2 protein chains.
Amino acid sequence: MPKDDPAFSALLRLFRSAAWLDARFSPELGSVHGLALNELLFLLQLSRAPLQRLRRVDLANRLHTSQSTITRMALPLEKSGLVKREADPRDARVAYVTLTRTGRTRIAEAEATFRRMATDLFRAGWSDRDIAQLSSLLGRFTAILPGDITE
Amino acid sequence: MPKDDPAFSALLRLFRSAAWLDARFSPELGSVHGLALNELLFLLQLSRAPLQRLRRVDLANRLHTSQSTITRMALPLEKSGLVKREADPRDARVAYVTLTRTGRTRIAEAEATFRRMATDLFRAGWSDRDIAQLSSLLGRFTAILPGDITE
DNA sequence: TAATAATCCTTGCGTCCGGAAGTATATCGG
DNA sequence: CCGATATACTTCCGGACGCAAGGATTATTA
């Protein structure tokens, strides 16, 4: 067993951090806007997409989940009017998930509180340089992936 | 909407990275050692604990999951002999989860392949300094938490 | 000491998820 | 033009999870 293995510890800490942050943010996010973290990321992808819409396959790839999960997640969002179903005139197989006007305002509000939670998270003991560095390093993973939110 | 918000993008990228790495590592890990990623982290915690054992509550806190999940996860691991149940003579409420001898060898093997996957992950375009920096920055989150694997 | 509260674990229930199978449509090769 | 293959989506099924309730044991406090 290696004495010092930065790659190993970095990976472990990444998983631990994600699990911790998920457990920490989910309750507040759900109680404030009625959205699970997954749903926020779902809507965030749509808000960044051209025409505010995405095919279900692409959404699945961007969220690293299965197509069946997208189908199920879209249903309640449609029922609450945040999202609507659209057809593609060129290809009858695809069913776009499109952000509605109310969906846009809702995700804007949720994104605002999410940003506030993010800044609060780094308030204690993090310099601006630290945060930028962490974002940059993690960006090496996400840059490869489809749907990187670079703003 | 802020033009540049490093805290926001860092948090988003952290979640995206974790989801991607989970999807990437789980299949290989499962096929090679018959262990899910959660089970690997489960056993890893035990292997680092004094006497190779932990109370179920502590295990739940370290893995950021519920007690009922620990109860259910322990069952198949007991059946395959990687883990056994132990009582505390001082407190009849606790039921330790203890790593068995076969469990020790199994987690050692799985940890080895996990380390190899970790180094492979950073092979392209990452300097040793980058990896150490990422590990250090993420360590600020995990250092607060119980069960930090610092080796 | 006795009642109350706190802790540890398990079980039941509802929810969410991934993979396989099924349906519909599009594309490719002859 | 037509069969074969590929793609997009949905549905079904089994597994994994969190929460709330319950049972057992320990700690606290009057």
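Just so we're clear, the structure is a prediction, and the values are computed from it rather than from any experiment. A note on names: the letters A, B, ... follow the listed sequences, proteins ahead of strands, and every chain is numbered from 1.
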Any side-chain N or O of [X] below 4.0 angstrom from OP1/OP2 of [N]?
X	N	result
A:Thr65	C:dG18	yes
A:Arg56	D:dT10	yes
B:Thr71	C:dT10	yes

Is the backbone of A:Leu44 close enough, under 3.5 Å, to the side chain of A:Ser47 for a donor and an acceptor to pair up by distance? yes

Does A:Thr100 reach the main-chain N or O of A:Leu82 with its side chain, forming a donor-acceptor pair under 3.5 Å? yes

Is it the case that D:dG18 (base atoms only) and B:Arg72 (side chain only) share a donor and an acceptor within less than 3.5 Å, ignoring hydrogens and angles?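 Per atom types, the contact qualifies.
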
Using only modelled atom types and a 3.5 angstrom limit, is any donor from either the side chain of A:Ser68 or the base of D:dC12 paired with an acceptor on the other? no

Rounded to the Å, how far apart are [X] [atom1] and [N] [atom2]?
X	N	atom1	atom2	result
A:Ile70	D:dA8	CD1	C1'	13 Å
A:Asp22	D:dC17	CG	C1'	12 Å
B:Gln67	C:dT7	CD	P	11 Å
A:Leu63	C:dC17	CG	P	10 Å
A:Tyr96	D:dA8	OH	C1'	11 Å
A:Leu37	D:dC17	CG	P	18 Å
A:Arg90	C:dT27	CZ	P	11 Å
A:His64	C:dG18	NE2	P	12 Å

Starting at the 5' end of DNA chain D, which residue's closest nucleotide do you reach first, A:Leu75 or A:Asp91? A:Asp91

Which nucleotide in the set [options] lies at the smallest distance from any side-chain heavy atom of [X]?
X	options	answer
B:Thr69	D:dG18, D:dA8, C:dC8	D:dG18
A:Asn38	D:dC17, C:dC17, D:dC9	C:dC17
B:Arg93	D:dT26, D:dC17, C:dT10	D:dT26

Is a donor from one side chain sitting under 3.5 angstrom from an acceptor on the other, for B:Ser135 and A:Arg13?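 Yes, a side-chain donor-acceptor pair sits under 3.5 Å.
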
What's A:Arg55 touching, base or sugar-phosphate or nothing? Going by heavy atoms closer than 4.0 Å. sugar-phosphate

Centroid-centroid under 6.0 Å between B:Phe25 and B:Trp20 rings: no

State plainly whether the residues B:Arg55 and B:Asp88 are in salt-bridge range, i.e. N to O under 4.0 Å.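 Salt bridge flag = no for B:Asp88 with B:Arg55.
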
